[in-house]
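Worksheet for the structure shown next.
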Amino acid sequence: MTDNIPIDDLNDLMKRRREELDELLKKGINPYPHNFERTDFSADLIKNYDENSPKQNVKIAGRIMSVRKMGKTLFSHIQDSKGRIQIYLKKDEMGDSFENYHLLDIGDIIGVDGYLFKTKTGEVSIHAQKYILLSKSLRPLPIVKEKIDEAGNKTFFDPFSDKELRYRQRYVDLAVNENVKEVFLKRTAIITAMREYLNSQNCIEVETPVLQPLYGGAAARPFVTHHNALDQKLFLRIADELYLKRLIVGGFDAVYEISKDFRNEGMDRTHNPEFTMMELYVAYKDYNWMMQFVEEMIFFIVNKINSNSKINLGVNEIDFNPPWKRLSMFESIKKYTNENLQNSDLDEIKKIAKKLNIDMPLVISRGGLIDQIFSERVQPNLIQPTFIYDYPVEVSPLAKKHRTIPGLTERFEGFVNGQELCNAFSELNDPIDQRERFTEQKKLHLQGDLEAHQIDEDYLRALEYGMPPTAGLGVGIDRLVMLLTGAESIRDVIFFPQMKPEE
RNA sequence: GAGCGCGUAGCUCAGUGGUAGAGCAUUUCCCUUUUAAGGAAAGGGUCGAUGGUUCGAUCCCAUCCGCGCUCACCA
């Protein structure tokens, strides 16, 4: 045997594959050669096939996905990165090589040399002249069969559907479930389009620390780690914000970072402990400017991946064409609850919240309660792209106070399909005010609010040197991808979502 | 964290208080344009784990593990 796994622990299918491996070795066939010079891809060959042109020699490589033996001939489907193509083998042309195909399995990776033809039933296929084994597969792949009707629609039979297995063994999921790869290709296209847009607007992509001595920039509990050499506690970042704004202090006009953040909190349909954020900071701008920037950026991205500005999500057709709807938070609450909270104090709002049947924690600020009412009664209704602006100061410790309305900040969030898509504000650059906000947060932390912000003295020092007026933005990339792919779970847009250990 | 549900062959799933079935996959045979190929035969399972009830448990009960959905938390 060729490895250390006790043979008794293997199921029959795996035993058989190891036997085949031994038989191949005995025949002098290398089951794991080093390379293959391929010249073609399945989908391109099928798309560009011309019946009238002379025999075209092709070389493809990929995974065997089906085998149909018919005595002295066989048909087999080979899957490469672009799709699948059928190959045709004849015994009287290939001799031993034909017989050896019996030692191959679904899942094996081969290279095929042959010429194109069209079968009786009209499928563009490769008449193989020779093939070479490139990698022997020792584990049975789940078998997903597909039927293609005359209109070209595919029906999948017994898809590999166990979510646990799909997430734990994404490589299998990708190999056998065709539509999974499309989601991730779209994810990449979305991020590429976003970079393209940001770069075109002269924003500079930068990198800031993932390991931070103090975490900040969001309300969340962190992951904690330890640096041995420094014998120091370090946190995985929960946001990039405070470091990016230090760069604005340093003189950059517009910086952005697309990166992983980490939050030590619950996992569900829309939360993974590590997730991807894009944060952008632009000097000398405010939140009004940023609102327009966001809708234009998203419009650009949607058009780029979609070729128009509309997407269908269930029964809703969502149109990203700017300008998006704009409502102040108070207006939105008035619209969906008919309650005007603007001039009400905490006790009055508590009464209203009770009337509206809002879940209320024992201790909550006026602003916190307003935000709570908004989340429960307004947010689910925001289907078409909508900006909600002017948030209470208590829930926005890094946002600049509103230029005219006391108690509010110049902050907005974008909502689509009832989900938050982005968060942005005119950045607080007054170091005195920022210290007060931090102090307020510190009090909350001491009262047991584990998500309250810490006092970051170095960040305050940076602000004291002077930060220009700045507009900042955060976009949850995973949720944007969910939105644009129609994914129902964040796990469907993250290759390897967090799972509990297997054993 | 709570509630509900699930865990049976490699995969997708039935099923029963008397230690199990199907389709695909696998093995053998037939088949030189098939395509969810077809035909004939065969093999394959500590029914998630551990306890308990029972003459007897895969099934009933308890605990645990893992997963899913919903809710809570989390901008």
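Every chain is numbered from 1 and lettered A, B, ... according to where its sequence line falls, protein lines coming before strand lines.
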More 5' along RNA chain B: A/V144 or A/F117, using each one's nearest nucleotide?
A/V144
Taking atom types as they are modelled, is there a donor-acceptor pair under 3.5 Å from the base of B/C67 to the side chain of A/D162?
no
May I ask you to say whether A/E164 pairs ionically with A/R168, meaning some side-chain N is under 4.0 Å from a carboxylate O?
yes
Tell me whether the OP1 or OP2 atom of B/G66 has a side-chain N or O from A/K500 closer than 4.0 Å.
yes
In Å and rounded to the nearest 0.5 Å, what is the CD to CZ distance from A/Q79 to A/R84?
4.5 Å
Quick one: is the NZ or CZ of A/R377 closer than 6.0 Å to the six-membered ring centre of A/Y336, and within 45° of its axis?
no
Intermediate values then yes/no, side chain to side chain contact (heavy atoms under 4.5 Å, CB included), A/K91 and A/L74
CA-CA 9 Å; A/K91 184 177 181 181; A/L74 69 83; over 6 Å; no
Is a salt bridge present between A/R17 and A/E20, judged by a nitrogen-to-oxygen distance below 4.0 Å?
no
Can you check the A/E146 CD to B/A37 P distance for me, whole Å?
10 Å
If I pick the P atom on B/G51 and the same atom on B/C11, what distance separates them, to the nearest angstrom?
26 Å
Output yes when A/R237 and A/E274 qualify as a salt bridge under the 4.0 Å nitrogen-oxygen rule, no when they do not.
no
Work out how far the P atom of B/A14 is from that of B/U26, and round it to whole angstrom.
24 Å
Would you please test A/I318 and A/Q384 for side chain to side chain contact (heavy atoms under 4.5 Å, CB included) and show each step?
CA-CA 6 Å; A/I318 292 172; A/Q384 293 300 323; 4.1 Å; yes
Look for any protein N or O under 3.5 Å of an N or O in nucleotides 25-27 of chain B and output each such pair with its distance, or none.
from, atom 1, to, atom 2, distance (Å)
B/A25, OP1, A/K145, NZ, 3.0
B/U27, OP1, A/E20, OE2, 3.4

Give the ring-plane orientation class for A/F184 versus A/F495, where under 30° counts as parallel, over 60° as perpendicular and anything between as tilted.
parallel
Is A/K163 near enough to B/C69 that one of its side-chain N or O atoms lies under 4.0 angstrom from OP1 or OP2?
yes
Is B/A57 paired to anything, Watson-Crick or G-U wobble with both distances less than 3.5 Å, and if yes, which nucleotide?
none
Would you classify A/S161 as touching base, sugar-phosphate or nothing, given that sugar-phosphate means primed atoms plus P, OP1 and OP2, and contacts are heavy atoms under 4.0 Å?
sugar-phosphate
Counting any heavy atom closer than 4.0 Å, what does A/V395 reach on the DNA or RNA strands: base, sugar-phosphate only, or nothing?
base
Which is true for A/R166 with a 4.0 Å heavy-atom rule: it touches a base, it touches only sugar-phosphate, or it touches nothing?
nothing
Do A/D92 side-chain and B/U32 base share a donor-acceptor contact under 3.5 Å?
yes
Is any NZ, NE, NH1 or NH2 atom of the basic residue among A/K118 and A/E51 found under 4.0 Å from an Asp or Glu carboxylate oxygen of the other?
yes
P atoms of B/U46 and B/A41, separation to the nearest Å:
27 Å
On a whole-Å scale, what distance lies between the C1' atoms belonging to B/A72 and B/G15?
37 Å
For the residue pair A/Y131 and A/Y101, does the interplanar ring angle fall in the parallel (under 30°), tilted (30 to 60°) or perpendicular (over 60°) class?
perpendicular
Salt bridge present between A/K130 and A/E93 (N-O < 4.0 angstrom):
no
For RNA chain B, which residues in residues 482-494 of chain A have a heavy atom at a distance below 4.0 Å?
A/R491
Applying a 4.0 Å non-hydrogen cut-off, can you work out what A/L165 is touching in the nucleic acid: base, sugar-phosphate, or nothing?
sugar-phosphate
Taking the P atom of each, how far is B/G7 from B/G48, in whole Å?
8 Å
In whole angstroms, how far is the P atom of B/C73 from the CG atom of A/D449?
13 Å
When all nucleic acid strands are considered with a 4.0 Å heavy-atom cut-off, which category describes A/R269: base, sugar-phosphate, or nothing?
sugar-phosphate
Separation of the C1' atoms in B/U70 and B/U16, to the nearest angstrom
31 Å
Student check: side-chain heavy atoms of A/F157 and A/T155 closer than 4.5 Å
yes
Would you classify A/K90 as touching base, sugar-phosphate or nothing, given that sugar-phosphate means primed atoms plus P, OP1 and OP2, and contacts are heavy atoms under 4.0 Å?
base
Can you check whether A/K147 has a side-chain N or O nearer than 4.0 Å to OP1 or OP2 of B/A36?
yes
For B/U34, does the base pair up with any side-chain atom of A/T119 as donor and acceptor (N or O, under 3.5 Å, distance only)?
yes
Tell me the interatomic distance from A/M14, atom CE, to B/G45, atom P, rounded to whole angstroms.
15 Å
Quick one: does A/E123 reach the base of B/U33 with a side-chain donor-acceptor pair under 3.5 Å?
no
With rounding to the closest Å, how many angstrom separate the C1' atoms on B/G43 and B/A25?
13 Å
On a whole-Å scale, what distance lies between the P atoms belonging to B/G52 and B/A57?
11 Å
Rounded to whole Å, please give me the gap between CE in A/M70 and P in B/U34.
6 Å
Think A/R68 has a side-chain N or O under 4.0 angstrom from the OP1 or OP2 of B/U34?
no
Need one value for A/F160: base, sugar-phosphate or nothing, where a base atom within 4.0 Å counts as base even if backbone is also close, heavy atoms only.
sugar-phosphate
Answer with base, sugar-phosphate or nothing: what part of the nucleic acid does A/E451 contact at a heavy-atom distance below 4.0 Å?
sugar-phosphate
